[in-house]
2 protein chains.
Amino acid sequence: MSVTSSREMVQRLSNYRSVLCKLKALGFVKVFSDNLGDALGISSSQVRKDFSLFDLTGNKKGGYQVDDLIGKLNVILGKNTIQKIIVVGCGKIGTAMMNYNGFSRESIKVAAGFDTDPTVINPRGLIPIYDLSDLQAFIKKEQVKIAIITTPESGATRVQDLLLESGIQGILNFTPVKLKGSESCVVHNVNIEQEIENLFYFVNEMKDGSPKNPNSE
Amino acid sequence: MSVTSSREMVQRLSNYRSVLCKLKALGFVKVFSDNLGDALGISSSQVRKDFSLFDLTGNKKGGYQVDDLIGKLNVILGKNTIQKIIVVGCGKIGTAMMNYNGFSRESIKVAAGFDTDPTVINPRGLIPIYDLSDLQAFIKKEQVKIAIITTPESGATRVQDLLLESGIQGILNFTPVKLKGSESCVVHNVNIEQEIENLFYFVNEMKDGSPKNPNSE
DNA sequence: GTTTTTATGTTATCAAAATAACATAACCAA
DNA sequence: TTGGTTATGTTATTTTGATAACATAAAAAC
């Protein structure tokens, strides 16, 4: 069961699930590794290999049962329980995260926001916003495991320290500071400036004549 | 000159530049591949290999000149000119992107926003917001190359079609729809729900006893 | 009931990316 | 000037991940 899985692998699992849900909505009952490979732009071997690693079995001729796959993927990805998160830093991006519509459908719930600015603090809001000094107590009381950091750059490392002390196990970091993960905490850095920079590089490279296309994720 | 460079490679180039700028601020004049490797959590061989591919040369003993490296990386990454972008979809996340402070420092400028909702359209704003019907004319007139998509899920593919028709060459997509790149247009998908899902997977995996840590980007 | 077809599950092969190893040139010390 | 040291730049090795190949079992056809 305990599979050593890379980031890319888990992303593929998410993608499989996403495609399967769409197929289910279309009335599909079974699906073949060929179909899924085409949908994700990968080989059917890869699909079968991924599935076999996670004991997602099919039928020697009839392919895979859509419903069955979705169910098993839900368990693997933890989608059968509400995934509670907090947002630290309630500026523009932080607020957008707190009110992001896409979360509810994926059973992700923002339990609270945190900030240092007294004017944005509002413990009685639909999603309460507390002072940063309440962060650690909240995490421990509510047993929060995942946090989004959307503070200004200057606050990022301090907030990470606070989060690690309180036992947070996963961080999604939207600040341009590259935070390092550890044994006890996984970190995903989303650096928006860098994404743009990266795109400009490839655009300029195209212009130079060598339209070498990178994988789009 | 025409190097076939992967996404990861360009990200490393960005990271080198970022660290080098910080070192420069600290007064560093020269730097060794060892230092940079440590800072990015990679081997020094990797650093030297990356540099050699882009003709970033050092001195057989004295390491690399910080100023020189930054200058050359700026050219490679196109940071010596203003990088003009547009934002399509001016909801919460889109608005946050338009007003994102981090862009100016990286010489990225949001030229305009676009939306279908008449109540948010404001062609006289500091950053003008136009109706979606003006999108294609604007791109052609202003020769915009890069766009950020922050529409609701339902609008994503339609907007992509519009963008491709007008000759956009790079897209940063924040909708949960996985957009596909092409020969003429590079796409980077940032799927927030999926990032959270991914983190929960690793957190749950840790709990199961195998704290296999993935690379944090 | 036998044969043929087809898609899985696994093994083998291939490709790419990262690390390690090393030969070389610059610097320093005596 | 000579010998030792050190960090680069390139080549070799290793590791990792993806694809391809194939043997197997189930369904369909006859």
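Excluded from the calculations below are hydrogen atoms, water molecules and symmetry mates; all remaining heavy atoms, backbone and side chain alike, are included. Keep in mind it's a predicted model, so treat the numbers as computed, not measured.
Nearest approach of B/Val66 to B/Lys24, heavy atoms of both residues: CG1-CB, 4.0 Å. The heavy-atom pair separating B/Pro176 from B/Asn191 by the smallest distance is O-ND2, 3.5 Å.
Nucleic acid contact for B/Ser44: none, since no nucleic acid atom lies under 4.0 Å from a heavy atom of the residue. Residue-level contact check: A/Tyr64 touches the backbone only, with heavy atoms under 4.0 Å from sugar-phosphate atoms and none from bases.
Following rounding to the nearest Å, B/Met9 (CE) and C/dA17 (P) show an atom-to-atom distance of 9 Å. Between the CD atom of B/Glu8 and the P atom of C/dA18 there is a distance of 7 Å, given to the nearest Å. Between A/Arg7 atom CZ and C/dA17 atom C1' the separation is 18 Å, expressed in whole Å. Here the P atom of nucleotide C/dT19 and the CG atom of B/Leu40 are 11 Å apart, to the nearest Å. Rounding to whole angstrom units, CD of residue A/Gln65 and P of D/dA27 are separated by 11 Å. At whole-Å resolution of the value, CG in A/Asp50 and C1' in C/dT8 are 14 Å apart.
At its two ends the helix from C/dG1-D/dC30 to C/dA30-D/dT1 runs along axes set 0° apart, each axis drawn from five pairs and the angle rounded to 10°.
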Name every donor-acceptor pair, under 3.5 Å, that has one atom in a side chain of residues 82-94 of chain B and the other anywhere in the protein, sequence neighbours excluded.
{"from": "B/Gln83", "atom 1": "OE1", "to": "B/Lys79", "atom 2": "NZ", "distance (Å)": "3.3"}
{"from": "B/Gln83", "atom 1": "NE2", "to": "B/Leu77", "atom 2": "O", "distance (Å)": "3.4"}
{"from": "B/Gln83", "atom 1": "NE2", "to": "B/Gly78", "atom 2": "O", "distance (Å)": "3.2"}
{"from": "B/Lys84", "atom 1": "NZ", "to": "B/Glu142", "atom 2": "O", "distance (Å)": "2.8"}

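Separation of the B/Tyr64 and B/Phe32 ring centroids does not fall under the 6.0 Å cut-off.
A salt bridge links A/Arg7 to B/Glu195: one of the charged nitrogens lies within less than 4.0 Å of a carboxylate oxygen. Salt bridge A/Glu165/A/Lys140: absent, no basic N to carboxylate O contact under 4.0 Å.
Looking at the side chain of B/Ser52, the nearest of the listed nucleotides C/dG9, D/dA18, D/dG9 is D/dG9. Closest contact between the side chain of B/Ser6 and the listed nucleotides C/dA17, D/dG9, C/dT19 involves C/dA17.
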Can you build the contact string for nucleotides 20-28 of chain C? Use B for base contact, S for sugar-phosphate-only contact, and - for no protein heavy atom under 4.0 Å. BB--BBBB-
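For A/Phe103, the ring-ring contact (aromatic ring centres under 6.0 Å, His included) partners are A/Tyr100, not counting sequence neighbours. Under the rule for a ring-ring contact (aromatic ring centres under 6.0 Å, His included), the partners of B/Phe114 that lie at least two apart in sequence or sit in another chain are B/Tyr130, B/Phe138.
Comparing A/Gln46 and B/Thr57, the nucleotide of DNA chain D nearest to each residue sits closer to the 5' end for B/Thr57.
Using modelled atom types, one finds a donor on one side chain and an acceptor on the other under 3.5 Å when comparing B/Glu197 with A/Ser14. Using a 3.5 Å distance cut-off with no hydrogens or angles, the side chains of B/Asn173 and B/Asn189 do pair a donor with an acceptor.
Sorted by residue number, the list of members of residues 28-37 of chain A with any non-hydrogen atom under 4.0 Å from DNA chain D is empty.
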Stepwise side-chain hydrogen bond (donor to acceptor under 3.5 Å, both in side chains) check, A/Arg48 with A/Ser44: CA-CA 6 Å; A/Arg48 295 198 298 278; A/Ser44 61; 3.2 Å; yes
